[in-house]
Amino acid sequence: MRDFDIAIIGAGPAGATFARLASKTGLSVFLADGQSEISRKPCGGLLAPDAQNVLAGMKLTLPKEILVDPQIFSVKVYDAKTRLTRLYPRRYLNMDRLRFDRWLISLIPDTVEVRTGRVTRIERQNKGFGLTLGNGDSLFCRALVGADGGNSGVRKFLLSESGKRDKIKRYIAIQQWFSDDGRSEPFYSCIFDGETSPSCSWSAYKDGLIMFGGCFPQKNCRESFERQKSKLIADGILPIDGEKALKTEACLICSPKKQSDFLIGGDGAFLIGEAAGFVSPSSYEGISYALDSGRLLAEAFEHTGGRLDLHRIADTYEKLVSGIRRKLILKEIKRRVIFSQHTRNLILRTGIASLKI
Ligand SMILES: Cc1cc2nc3c(=O)[nH]c(=O)nc-3n(C[C@H](O)[C@H](O)[C@H](O)COP(=O)(O)OP(=O)(O)OC[C@H]3O[C@@H](n4cnc5c(N)ncnc54)[C@H](O)[C@@H]3O)c2cc1C
């Protein structure tokens, strides 16, 4: 059986960043990722200023091949109940999410063994973990890193070991893609429709396509999505033929509300990115937290100078991510403000902070 100091499950922004930086510790690192062209991560593909800042802090610049057309400078907020609309300035980069993930993976040095395929089984063994891959291969690792996203198997494994239930709220995110038929608008949209979802939806143009997506309670999620889509088409907010979706994708997305929703691991296993619950409950922006928590866990490993002192790594990581946790709790407070119909009416009616056109 192959033997590694660290095994990482998931090569999204969190896992790929951690793998790249952990390779510098001199420890042996293994990374398995289940994403492919057909099972790609559903994502709006908008790189927020916070994520741009984390990349800048790691001295990384973005290759232009990752960007898509058009680049956008504003968000159009639409409230389906009042039909109020406002434009707000936003400096996001519009990109192809799969290309972004692949670029981050391409930065991982050859010393890391990167394998395409899913980890299907995790078990705790003496002084480490045994992992089984989809093709039947198995390996042993001393430290396990769960970077496996919003439906994390490592998170489930750790919770089942401690006999606790996962109380973090999860929505189903559904996205559909349509041809833009030559139309393209200089903004992406953020849509509120309390009748079909207590959460929000979005649309954006990308290289000749329009993407429409949103977060919905798990019960009757597809029906709620279709109802909202029809309404937005009728209101003239979505310029699409709702019957002609080129692609439909869906996954679970976390919406953390309190400190206990964040789980960062311990006892040899660590969680980073959305697996830890690090995603904004107000905008579902998660790339910055994934990059940053991956970076911070690598820093915690570096602190021990290449020794696998798992207790010290856990203590250091806990201290380093406290800023992310605080920031996300503030985002939850923001969510309560903007997701309330009453305050949203006030904000949209007064036009505070909106673009004056
Ligand atoms: C519909 C939608 C739209 C979003 N839009 C945006 C946006 O525009 N901007 C933004 O900043 N954030 C957005 N987010 C949030 C953002 O996508 C996530 O927070 C971010 O991708 C989390 O990164 P991660 O590395 O933690 O996990 P992920 O990106 O989810 O990566 C997890 C990886 O683990 C792999 N994996 C899972 N299980 C296994 C296994 N058993 N074995 C091997 N591999 C496994 C998966 O294949 C995947 O590649 C969106 C999320 C959704 C759902």
Side-chain angles (χ1 to χ4, degrees), residues 7-19 30-52 54-55 72 75 90 92-98 100-102 104-105 114-122 131-135 144-157 170-177 188 190 199-204 206 211-216 225 248-256 271-294 297 328:
I8 309 160
I9 306 184
T17 299
F18 174 74
F30 174 88
L31 169 65
D33 186 63
Q35 185 169 209
S36 68
E37 191 69 57
I38 43 163
S39 67
R40 56 188 282 171
K41 162 88 185 175
C43 183
L46 296 172
L47 197 71
D50 279 352
Q52 297 168 28
V54 181
L55 290 174
I72 38 189
V75 53
R90 284 289 181 279
Y92 288 101
L93 291 173
N94 195 9
M95 59 172 198
D96 181 301
R97 174 60 202 268
L98 185 60
F100 178 72
D101 283 7
R102 288 190 170 155
L104 287 173
I105 293 170
V114 181
R115 197 81 82 78
T116 304
R118 294 188 69 79
V119 171
T120 51
R121 190 177 150 86
I122 306 168
L131 303 184
T132 309
L133 304 176
N135 64 359
L144 174 64
V145 176
D148 46 352
N151 193 24
S152 165
V154 181
R155 186 179 171 110
K156 283 184 197 142
F157 169 78
R170 286 189 175 87
Y171 288 106
I172 299 270
I174 304 178
Q175 281 194 163
Q176 278 191 332
W177 296 75
Y188 81 94
C190 177
S199 189
C200 65
S201 296
W202 54 85
S203 71
K206 281 179 193 278
M211 171 200 69
F212 166 61
C215 292
F216 297 86
F225 173 84
T248 303
E249 47 195 13
C251 68
L252 286 167
I253 185 161
C254 298
S255 182
L271 295 169
I272 53 178
E274 208 180 321
F278 297 153
V279 59
S280 165
S282 61
S283 63
Y284 299 110
E285 193 270 307
I287 295 175
S288 67
Y289 306 104
L291 294 168
D292 213 20
S293 56
L297 182 61
L328 286 169

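Just so you know, residue 1 is the first one in the sequence shown, and it goes up from there. Just so you know, ligand 1 is whichever comes first in the structure, and atom 1 is the first atom listed for that ligand.
Near Gly34, the atoms of ligand 1 lying under 4.0 angstrom from a non-hydrogen atom of the residue are 43 (C), 44 (N), 45 (C), 47 (O). Those atoms of ligand 1 with a heavy atom of Gly273 less than 4.0 angstrom away are 26 (O). Below 4.0 Å from some heavy atom of Gly12 lie the following atoms of ligand 1, by number and element: 25 (O), 29 (O), 31 (O), 33 (C). If you number the atoms of ligand 1 from 1 as listed, the ones under 4.0 Å from a heavy atom of Gly117 come out as 43 (C). Close approach to Tyr284 involves these atoms of ligand 1, each under 4.0 Å from a residue heavy atom: 6 (C), 12 (N), 13 (C), 14 (N), 15 (C), 50 (C). Each of the atoms 32 (C), 33 (C), 34 (O) of ligand 1 lies under 4.0 Å from some heavy atom of Ala147. The contact set between ligand 1 and Cys251, taken as ligand atoms under 4.0 Å from a residue heavy atom, comprises 53 (C). Close approach of ligand 1 to Ile253 is summarised as follows: ligand atoms under 4.0 Å from at least one heavy atom of the residue are 51 (C), 52 (C), 53 (C).
Across the listed options Arg121, Glu249, Arg118, Arg97, Arg97 owns the non-hydrogen atom lying nearest to atom 21 (O) of ligand 1. In the candidate list Lys41, Met211, Glu274, Lys41 is nearest to atom 28 (P) of ligand 1, counting heavy atoms. When the options Ile174, Thr120, Asp33, Thr116 are ranked by their closest heavy atom to atom 49 (O) of ligand 1, first place goes to Asp33.
Contacts between Leu46 and ligand 1 below 4.0 angstrom, taking non-hydrogen atoms only, involve backbone and side chain alike. Counting heavy atoms closer than 4.0 Å to ligand 1, residue Trp202 contributes side-chain atoms (C-beta onward) but none from N, CA, C or O. At a heavy-atom distance under 4.0 Å, only backbone atoms of Ala32 (N, CA, C or O) approach ligand 1. When non-hydrogen atoms are compared, ligand 1 lies under 4.0 Å from the side chain of Ala173 (C-beta onward) but not from its backbone.
Between Leu252 and ligand 1, not a single N/O pair is under 3.5 Å apart. Between Ile272 and ligand 1, no N or O atom pair is found at a separation short of 3.5 Å. Backbone and side-chain nitrogen or oxygen atoms of Gly44 are examined, and one is located within less than 3.5 angstrom of a nitrogen or oxygen of ligand 1. The N/O atoms of Gln175, backbone and side chain alike, include none that comes under 3.5 Å of an N/O atom in ligand 1. Considering backbone and side-chain atoms together, Ala14 places an N or O closer than 3.5 Å to an N or O of ligand 1. Inclusion of Phe278 in the set of residues having an N or O under 3.5 Å from an N or O of ligand 1 is not warranted. Some N or O of Val119 is nearer than 3.5 Å to an N or O of ligand 1, by distance alone. Close N/O approach between Gln35 and ligand 1 is found [any backbone or side-chain N/O within under 3.5 Å].
The two residues Val154 and Gly146 have their closest heavy-atom pair at CG2-CA, 3.6 Å.
Under the 4.0 angstrom criterion for non-hydrogen atoms, Pro13 is in contact with ligand 1. Residue-ligand proximity: Cys43 is placed with a non-hydrogen atom under 4.0 Å from ligand 1.
With rounding to the nearest 0.5 Å, the separation of CZ in Phe212 from CH2 in Trp177 is 13.5 Å. We find the CG-CZ distance between Asp148 and Arg118 to be 8.0 Å, quoted to the nearest 0.5 Å. Here the CG-CD1 distance, from Leu55 to Ile287, works out to 9.0 Å after rounding to the nearest 0.5 Å.
With hydrogens and angles disregarded, no donor-acceptor distance shorter than 3.5 Å links the side chain of Asn151 to the backbone of Leu252.
Of all protein heavy atoms, the one closest to atom 34 (O) of ligand 1 is Gly10 CA, 3.1 Å. What sits closest to atom 12 (N) of ligand 1 on the protein, heavy atoms only, is Gly286 N, 3.0 Å. The shortest contact between atom 23 (O) of ligand 1 and any protein heavy atom is with Ala290 CB, 3.4 Å. The shortest contact between atom 2 (C) of ligand 1 and any protein heavy atom is with Pro42 O, 3.5 Å. Atom 27 (O) of ligand 1 has Gly149 CA, 3.6 Å as its closest protein atom, hydrogens excluded (heavy atom only).
For the pair Arg40 and Asp96, the salt-bridge criterion is met [side-chain N within less than 4.0 Å of a carboxylate O].
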